[in-house]
> 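Pasting a structure below so you can have a look.
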Number of protein chains: 2
Amino acid sequence: IVFMEHIQKTYWMGQQAFPALRDVSLSVAAGEYVAIIGPSGSGKSTTMHIMGCLDTPSAGLYQLDGYDVSKLSDDDLALLRNQKIGFVFQSFNLLSRTSAIENVELPMLYAGVPAKVRHQRAQDALVQVGLESRMHHKPNELSGGQQQRVAIARALVTHPALILADEPTGALDSQSTEEIMGLFQNLHDQGNAIVMVTHELDVAHHAHRIISFKDGVVQSDVPNPDF
Amino acid sequence: IVFMEHIQKTYWMGQQAFPALRDVSLSVAAGEYVAIIGPSGSGKSTTMHIMGCLDTPSAGLYQLDGYDVSKLSDDDLALLRNQKIGFVFQSFNLLSRTSAIENVELPMLYAGVPAKVRHQRAQDALVQVGLESRMHHKPNELSGGQQQRVAIARALVTHPALILADEPTGALDSQSTEEIMGLFQNLHDQGNAIVMVTHELDVAHHAHRIISFKDGVVQSDVPNPDF
Ligand SMILES: Nc1ncnc2c1ncn2[C@@H]1O[C@H](COP(=O)(O)OP(=O)(O)OP(=O)(O)O)[C@@H](O)[C@H]1O
Ligand SMILES: Nc1ncnc2c1ncn2[C@@H]1O[C@H](COP(=O)(O)OP(=O)(O)OP(=O)(O)O)[C@@H](O)[C@H]1O
Ligand SMILES: [Mg+2]
Ligand SMILES: [Mg+2]
């Protein structure tokens with residue numbers, strides 16, 4: 001479902017070049033469960049943004065579900081992204097002026113799902129992440145871990161074929177982390193692919209395969225020995 | 001240096017009351033190293049904001065360095081806070097239009113430190129957190145862990161008597177976490193007090209005392225058995 005070949009990403013600040021990704025090649029099969037680990041600044045989030053069609057590489061090939069993403073129009077790309085991908089951002093990226101439930105409804109609104117169905121599914125998703133009593137809170141009326149759980153609910157509510165989760169349990173205590181990992185496991189069991197960036201090894205160990213980043217390249221890509 | 005007695009904090013949304021803190025009493029001696037743990041939504045960040053004079057309780061007493069904070073004028077409060085406290089926020093709270101180094105200079109600017117000295121100290125602080133090559137990047141040109149390290153550098157640069165750190169290693173890999181814990185340890189060795197919220201037990205174990213929150217109250221407050 002994901003195919004990246006020799007991806008490069010260089011940021012420019014004035015005359016100075018910052019190669020965030022120097023040479024990244026990896027692929028994810030439909031239904032696979034992959035963890036991405038690596039030091040701070042090694043290129044994990046940058047790769048996730050390219051994978052989620054939110055950023056374009058400076059060089060290299062990226063195919064999502066067989067489509068060469070660089071060849072699609074903005075509209076087609078937005079449609080493909082909305083249909084295929086659920087994204088949990090490292091800094092949540094919730095809309096600050098809307099409530100938790102409205103934030104979770106957003107991907108369904110975009111997909112044209114009727115209001116009543118949207119509302120019910122958003123409510124169910126929030127119950128699943130333990131936020132039943134916080135549905136009408138805005139993000140700044142929620143704790144850090146609660147905001148993260150809203151972001152997770154929003155990514156999972158459309159049961160996307162590819163879930164991209166960038167440090168989805170970073171703000172959560174161990175109890176909440178376990179519940180969230182259970183939700184991801186369910187989605188995986190239903191045949192969806194999961195790519196999860198994490199720096200917590202007991203989160204990474206749920207994945208079947210572990211990709212390790214260092215300085216903008218893939219340093220290793222191995223099956224999880226626990227499986 | 002911190003004395004809280006029967007602190008309550010209730011948020012109101014329309015007619016509905018949300019008691020974020022129901023009854024919190026705790027004290028921190030000068031130079032003490034305390035960890036605060038507890039589930040998501042249990043009131044840790046709310047307590048930290050009251051401790052850092054960024055929020056006021058609905059009821060109860062809070063004394064910082066002997067001063068009853070509710071009796072101070074806004075100006076005196078801001079001055080006391082700037083002199084005594086360094087705060088690492090759970091969501092970093094960096095100024096998005098200014099570079100890393102300018103963000104780190106901010107507490108010193110407020111304290112009237114001359115420009116040359118500010119610049120040198122901010123630079124040293126950024127070197128200490130491993131961001132020497134990223135000093136002129138704005139927050140959105142930095143990775144999640146790099147943003148967190150800028151927030152840490154900003155909190156530590158004035159060597160404050162009380163450091164409040166709300167999940168300071170949440171976005172960091174284990175290597176960076178170790179380096180950051182080393183910096184906090186140095187500051188503690190210099191006689192400064194540290195109050196650190198964390199949900200990672202191997203971060204909490206650096207502290208001499210562990211306070212555990214649950215549902216808006218202090219559930220337990222015990223010496224760290226490892227010491
Ligand atoms: N402005 C607000 N209005 C209403 N409720 C609020 C507001 N701010 C916080 N709360 C509620 O207060 C409770 C405590 O929040 P707090 O941020 O202190 O939790 P926390 O222990 O830091 O959690 P986490 O580990 O997830 O960061 C939460 O249940 C939250 O929903
Ligand atoms: N807009 C930008 N301009 C310049 N440099 C950037 C920009 N965005 C990211 N970078 C740099 O690219 C590198 C990789 O960033 P990325 O966010 O992918 O790291 P990461 O592996 O996700 O790190 P973390 O674990 O800290 O979240 C970093 O060194 C960062 O400074
Ligand atoms: Mg990242
Ligand atoms: Mg918090």
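Just so we're on the same page: letters track the sequence lines, and every chain starts at 1. Quantities reported herein were computed from a predicted structural model and do not represent experimental measurements.
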> Counting neighbours of CG on A:Leu109 that are heavy atoms of other residues, nucleotides or ligands and sit closer than 6.0 Å, is the number greater than 12?
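More than 12 within 6.0 Å, yes.
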> For each of B:Arg149, B:Glu200, B:Glu167, tally heavy-atom pairs with chain A at distances under 4.5 Å, and name the one with the top tally.
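Looking at each of B:Arg149, B:Glu200, B:Glu167 in turn, B:Arg149 comes out on top.
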> Distance check, rounded to the nearest 0.5 Å: A:Glu179 atom CD versus B:Ser40 atom OG?
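These two atoms lie 10.0 Å from each other.
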> Answer yes or no: does atom CG of A:Leu201 have more than 12 heavy-atom neighbours from other residues, nucleotides or ligands under 6.0 Å?
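No - once you tally the heavy atoms of other residues, nucleotides and ligands closer than 6.0 Å, there are 12 at most.
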> In terms of heavy-atom proximity below 4.5 Å to chain B, should A:Phe92 be classed as side chain, backbone, both, or neither?
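Contact with chain B: none, neither part.
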> Could you measure the distance from the CZ atom of B:Phe213 to the CG atom of A:Asp173? Nearest 0.5 Å is fine.
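The distance works out to 14.0 Å.
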> Could you tell me which of B:Ser174, B:Ser91, B:Ala171, B:Ser45 has the largest number of non-hydrogen atom pairs under 4.5 Å with chain A?
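Heavy-atom pairs under 4.5 Å are most numerous for B:Ala171.
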> Counting heavy atoms not belonging to B:Asp74, are there more than 12 under 6.0 Å from its CG?
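Atom CG in B:Asp74 is not crowded, with 12 or fewer foreign heavy atoms closer than 6.0 Å.
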> So which part of A:Gln147 gets closer than 4.5 Å to some heavy atom of chain B, the side chain, the backbone, both or neither?
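Contact with chain B involves no heavy atom of A:Gln147 at all.
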> For B:Gln16, is it the side chain, the backbone, both or neither that has a heavy atom under 4.5 Å from a heavy atom of chain A?
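The answer is neither part of B:Gln16.
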> For the candidates B:Gly145, B:Gly38, B:Ser176, which exhibits the highest count of non-hydrogen atom pairs separated by less than 4.5 Å from chain A?
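Ranked by contacts with chain A, first place is B:Gly145.
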> Which atom names give the shortest non-hydrogen contact between A:Gly144 and B:Gln90, and what distance separates them?
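In terms of heavy atoms, the two residues are closest at CA-NE2, 3.6 Å.
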> Report, in residue-number order, which members of residues 122-137 of chain B are under 4.5 Å from chain A by heavy-atom distance.
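So the qualifying residues are B:Ser133, B:Arg134, B:His136, B:His137.
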> Select one option (side chain, backbone, both, neither) describing which atoms of A:Thr169 are under 4.5 Å from chain B's heavy atoms.
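Just the backbone, heavy atoms under 4.5 Å.
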> To check you understand the geometry: which heavy-atom pair defines the closest contact between A:Gln146 and B:Gly41, and what is its length?
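That closest heavy-atom pairing would be NE2-CA, 3.7 Å.
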> When heavy-atom pairs shorter than 4.5 Å are enumerated against chain A, which of B:Met13, B:Glu141, B:Lys44 gives the highest number?
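Answer, by heavy-atom pair count under 4.5 Å with chain A: B:Met13.
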